[in-house]
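One structure is given below, encoded as structure tokens.
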Amino acid sequence: MKKQISFLLMILMTGLMVEGYAFKSGEIQKNSLQFSSTYLWKGANGASWTEPSNWEPQRIQVSANDILLFNTGNEFTVTNVADENIGQLKIFNHTRITFQTNGEKTLFITGLDGDDLVTESGSRLGVSGSNALHIVLAAGTNGIIGGSVVFANGKHTLEAGNENGLIFSAGSEFTAESGFTGNPFGTSSLNSVIFESSSTYICKSGDHPFGAAAPKSVVVFKDGSRYIHQSKEYPSLCGRKYAGFELDDPEADIWANGNDTLALGDLTITRGILFLNLTKEIKIRGNLTVQSPGKLGFRPDRENMISFTGNVLQWISGNGDIEITENTQFILNNEVCINREINFSGALKITPIGKLTISPGGYVSVQKDFSNDNTEGILIHSHSGGTGSLIDYSGMSGQGTARVELYLQPAMWHYVSSPVADARAGTFSGDYVKSSDPGSVSGWGPWITNPSAPLEVMCGYAVWKPTSNQNIECFSGRLNTGDIRIRRSRHPDDPYAGWHLLGNPYPSSLDLDSRSIKWNEFEPTAWFWDQGGQGGTGNYRAYPALLAPPPEVGEHSSQVPPMQGFFVHINSNFSGETELSLNNETRIHGNESFLKKTNRTMEKFLAIKATGSANGYSDNVFIHFDPDYTEYYDAGYDAWKLSGLVDAPQLYSYTGKGDKVTFNCLPFKNMNMTVPVEFSCSIAGNFTLTASLMKSFPESMAILLEDLLTDEIRDLRRYPEYSFYSIPGNNPDRFLLHFQESGSSVADQADKTDLRIYSGGKEIFIESNANLPEGSLKVFDMMGREVATREFEKASLIRIPLSVPKGYYIVRAIFGDKVLVKKVLL
């Protein structure tokens, strides 16, 4: 027995055994014959590795089989780490240690049974200081990192001796901190360090993790792992393969050039700028996310390809900037969903196995070479908040088709239009559908009951959505694009001569301000139905395109949402057939945040809104003064008043010829103007008039609202809201708007309890319970033109005959420094 033990000791000492640890030519190999001692660190912060008393038991004899354990649960620094061969190194119990050396050192881990380097979840192995420490796992050994490894302020390494020798498991993290230099895992042991799914490499300093020249690599990033670049230094990208790659440094301005491929899982730009200008394929297997203030660009000097090749749904999202130049073509070999604005200046190709999905909030533009080779290769989603948007400026090739959803709120009417060329009425299965017919007594055609009936492109359809039917309709077919036109006629004898329901034929918004719209004999104005629900008014909302009121007017904007129907009117002085035509230049994306806000201000523009307290419905009237207008109906500036729901308030004005309008554009010919405003509602209740945009008038001008029913006058500049009560049957001829220069304010009128102005035939009467003082009277027509003036003496009744055309007139009686104003019919 003694001879056997002596023989074994001799073998261990000479290093010549077949099974044992042999140290030859610098190689370290793990073996199955093991004699080990375990030492537990108990030293204080800053204590020395080489001091035996810092270990339990005291580590007097250093052996290549020693197992060193750190499990105090504290954070501390261990100094003077020595050149040693040890069996295993393990860190447990949320212990966080940092190694430092007093010169360049190497710590060899020779290995025993089980895991040889362990950093448990919640624990940390750190190396810091200018003196490099190299931790080397011998061939045949293995390391498992469940917690974190941090290198800082030196050229430190953690090297594995064989493939898959060091594993960063889920939840683990490696950080190359400030001051770190070099390649953290060495340069020669290929495929030896594995970052598993949900592990993370954070690069704040140092060289790239790959070590070897591309495409060889020391590190393998498995799907689901992340590399986070928090440095302004350039990462290694050309010829590389990452899982998740994230740029997160505000000072980074990185331009990746080269003629080799790049493979990525998720690509995320949180902060900083990254231009991927590679001229070979970039494969993306995950999501592409660019957050503000980050920017991602593709500016290759010759054509390159970005392919999406994942096997689950991939997203392009975020609110940061994405720049794509014309040399870049995107290839979709998988389903890719976009929920942000993105402009493909180059090509976008949907392969037979690819799909483009655009969610609400997604705004996709393709400038050239757009192809779709998959049946239903495009899907545009819709919900109550909106619909995705797609503009193909050059048209689309390929045999593929699209599906476009449209959300319709139940129990109300909607005006819609098909975005595909070959839609059928069966799209609205379970709904009630009809189109307009100006020749019918009702203005509507018959119900469309044949599901095979084609839906005419650019024609609008009224759809009633029952509560029993699903909210989402879906159009299938080839998307409308390019030049689209529709012909309609006006026959003067029709009950609704010249009124037609049309619609936006594109899967994107339409800009009514576009000069590319050819209106011909159509008035350049659109009327939109806004029935109610979710803030609806219960009325039509107009947009006169020549007037082009800015968004703050609060009526309807120039944007016609995808598939939105709207009424148009052929000029009243025209008889016959005319055409309305659109093209891709008329298309925009409909989110206001992506539009350039107008800087134009409209002078002398007043908005009045009537709101009912019973149901929240509302209506608007707009008065605009400009010397270029006429007092008659000016198409594209004035807009007809179309009646809304019977229980919604109706507010409107009149042109000089008595046309009922919601936009009334008038010439301002005098210092003082009075404009009548009429109001009606079929239900009784409290209502409020709210005035806005009055800053567009000179400060010297008073803007007054007169209620002819209650004889109240309100200074709208000081009190922009006026509440009143109305019942069915009230005379709609109720309100007057006075625009007056200072010094002639109606607000200073006499006490009306003793005064009354009224008309009879062609005479005006002023009556008082007491004698009237001396005064004067002026009469104006509804355009503010003075038609008569009279002086009168003291009397209890003053009678003034006039010879004027039949109509409404404004009478202003002046008594000293007081004024009384009344609207009369002569």
CA sep, side-chain torsions, deciding dist, call: Asn80, Ser48, side-chain hydrogen bond (donor to acceptor under 3.5 Å, both in side chains) = CA-CA 5 Å; Asn80 298 323; Ser48 174; 3.2 Å; yes
Assess whether side-chain contact (heavy atoms from CB on, under 4.5 Å) is satisfied between Leu288 and Leu296, documenting all intermediate values.
-> CA-CA 10 Å; Leu288 191 160; Leu296 174 65; 3.8 Å; yes
How far apart are the C-alpha atoms of Leu166 and Ile194, what are their side-chain angles, what is the distance that settles it, and do they pass the side-chain contact (heavy atoms from CB on, under 4.5 Å) test?
-> CA-CA 6 Å; Leu166 179 61; Ile194 310 299; over 6 Å; no
Carefully, step by step, assess Leu40 and Asn71 under the rule side-chain contact (heavy atoms from CB on, under 4.5 Å).
-> CA-CA 8 Å; Leu40 181 65; Asn71 71 343; 2.8 Å; yes
What do the steps show when you test Ser37 against Asp66 for side-chain hydrogen bond (donor to acceptor under 3.5 Å, both in side chains), and what is the final call?
-> CA-CA 5 Å; Ser37 298; Asp66 288 348; 4.6 Å; no
Given side-chain hydrogen bond (donor to acceptor under 3.5 Å, both in side chains), test Ser292 with Asn319 step by step and report yes or no.
-> CA-CA 5 Å; Ser292 179; Asn319 59 352; 4.9 Å; no
Full working for side-chain contact (heavy atoms from CB on, under 4.5 Å) between Val290 and Thr268 = CA-CA 6 Å; Val290 182; Thr268 304; over 6 Å; no
CA sep, side-chain torsions, deciding dist, call: His94, Ser123, side-chain hydrogen bond (donor to acceptor under 3.5 Å, both in side chains) | CA-CA 4 Å; His94 294 83; Ser123 298; 5.6 Å; no
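The two atoms that bring Ser389 and His589 nearest to each other are OG-ND1, 2.7 Å, heavy atoms only. The shortest heavy-atom contact between Asn257 and Cys238 is O-CB, 4.0 Å. What you find for Phe195 and Thr200 is that their closest heavy atoms are CE2-O, 3.7 Å. Shown here for Phe185 and Leu158, the closest heavy-atom pair between the two residues is CD2-O, 3.2 Å. Taking all atoms of both residues into account, the shortest heavy-atom contact from Leu137 to Asn142 is CD2-O, 4.2 Å. Between Gly362 and Ile358, the shortest heavy-atom distance links the atoms O-CG2, 3.4 Å.
Evaluated for a side chain to side chain donor-acceptor pair (under 3.5 Å) with Thr357, the options Glu335, Gln314, His381 yield exactly one hit, Glu335. With Tyr201 as reference, Phe174 is the one residue of Phe151, Phe245, Phe168, Phe174 to meet the ring-ring contact (aromatic ring centres under 6.0 Å, His included) rule. Paired with Phe298 under the rule ring-ring contact (aromatic ring centres under 6.0 Å, His included), one option of Phe330, Phe344, Phe275, Trp255 passes, and it is Phe330.
Open room surrounds NZ on Lys241; 12 or fewer heavy atoms of other groups in view lie less than 6.0 Å from it. Counted within 6.0 Å of NZ on Lys155, heavy atoms from surrounding residues, nucleotides or ligands total 12 or fewer; the atom is thus considered open. Within 6.0 Å of NZ in Lys283 there are 12 or fewer heavy atoms belonging to other residues, nucleotides or ligands.
A 4.5 Å side-chain heavy-atom check between Ile135 and Lys105 finds every atom pair outside the cut-off. By the 4.5 Å heavy-atom criterion applied to side chains, Ile145 and Val118 are not counted as neighbours. At least one side-chain heavy atom of Ile97 sits under 4.5 Å from a side-chain heavy atom of Ile91. When side chains are defined from C-beta on, Asn93 does not count as touching Thr72, because their heavy atoms never get closer than 4.5 Å. No side-chain heavy atom of Ile269 sits less than 4.5 Å from a side-chain heavy atom of Thr289. Looking at Thr279 and Asp301, their side chains come closer than 4.5 Å, going by heavy atoms from C-beta outward. Annotation: side chain of Ile282 is in contact with side chain of Asn304 (closest heavy-atom distance under 4.5 Å). With a 4.5 Å cut-off on side-chain heavy atoms, Glu196 and Ile167 count as touching.
Between the CD1 atom of Ile380 and the OG atom of Ser382 there is a distance of 10.0 Å, given to the nearest 0.5 Å. In this structure, the separation between CZ on Phe108 and CD1 on Ile86 is 11.5 Å, given to the nearest 0.5 Å. One distance of note links OG1 of Thr79 with CG of Asn131; it measures 12.0 Å at 0.5 Å rounding. Of the inter-residue distances, the one linking Arg299 atom CZ with Asn327 atom CG reads 12.0 Å to the nearest 0.5 angstrom. To the nearest 0.5 Å, atom OG of residue Ser217 and atom OH of residue Tyr242 are 9.0 Å apart. We find the CD1-CD distance between Ile331 and Gln329 to be 4.0 Å, quoted to the nearest 0.5 Å.
One N or O on the side chain of Thr110 and one on the backbone of Ala64 form a donor-acceptor pair closer than 3.5 Å. The backbone N or O of Leu112 sits less than 3.5 Å from a side-chain atom of Asp116, completing a donor-acceptor pair. Formation of a donor-acceptor pair under 3.5 Å by the Asn374 side chain with backbone atoms of Ile353 is not found in this model. Put simply, the side chain of Thr351 gets close to the backbone of Leu332: a donor and an acceptor are under 3.5 Å apart. Within the 3.5 Å criterion, the main-chain N or O of Val149 finds no donor-acceptor partner in the side chain of Arg124. Judged by distance alone, the side chain of Asp249 and the main-chain N or O of Gly272 form no donor-acceptor pair under 3.5 Å. When atom types are taken as modelled, the side chain of Asn45 and the backbone of Phe76 share no donor-acceptor pair closer than 3.5 angstrom. Using a distance-only test at 3.5 Å, with no hydrogens or angles considered, a donor-acceptor pair links the side chain of Ser345 to the main chain of Ile324. Side chain of Ser199 to main chain of Ser172: no donor-acceptor pair is present (N/O by atom type, distance under 3.5 Å, no hydrogens or angles). Of the possible donor and acceptor atoms, none in the side chain of Asn334 sits under 3.5 Å from a partner among the backbone N and O of Thr309.
Between Glu159 and Thr157, the side chains place a donor N or O and an acceptor N or O closer than 3.5 Å (distance only, hydrogens not considered). Judged purely by distance below 3.5 Å, without hydrogens or angles, the side chains of Glu405 and His383 never pair a donor atom with an acceptor atom. Glu281 and Ser307 share a side-chain donor-acceptor pair at under 3.5 Å.
Looking at Lys349 and Asp369, no side-chain N of the basic residue comes within less than 4.0 Å of a carboxylate O on the acidic one, giving no salt bridge. Between Glu246 and Arg271, no side-chain nitrogen of the basic residue sits less than 4.0 Å from a carboxylate oxygen of the acidic one, so the salt-bridge criterion is not met.
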Show me, pair by pair, the donor-acceptor contacts under 3.5 angstrom made by side chains of residues 202-216, not counting sequence neighbours?
residue : atom : partner : partner atom : Å
Lys204  : NZ   : Glu177  : OE2          : 3.1
Ser205  : OG   : Phe180  : O            : 2.8
His208  : ND1  : Phe210  : N            : 3.1
His208  : ND1  : Gly211  : N            : 3.4

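With sequence neighbours excluded, the residues satisfying ring-ring contact (aromatic ring centres under 6.0 Å, His included) with Trp55 are Trp41, Trp49, Phe70.
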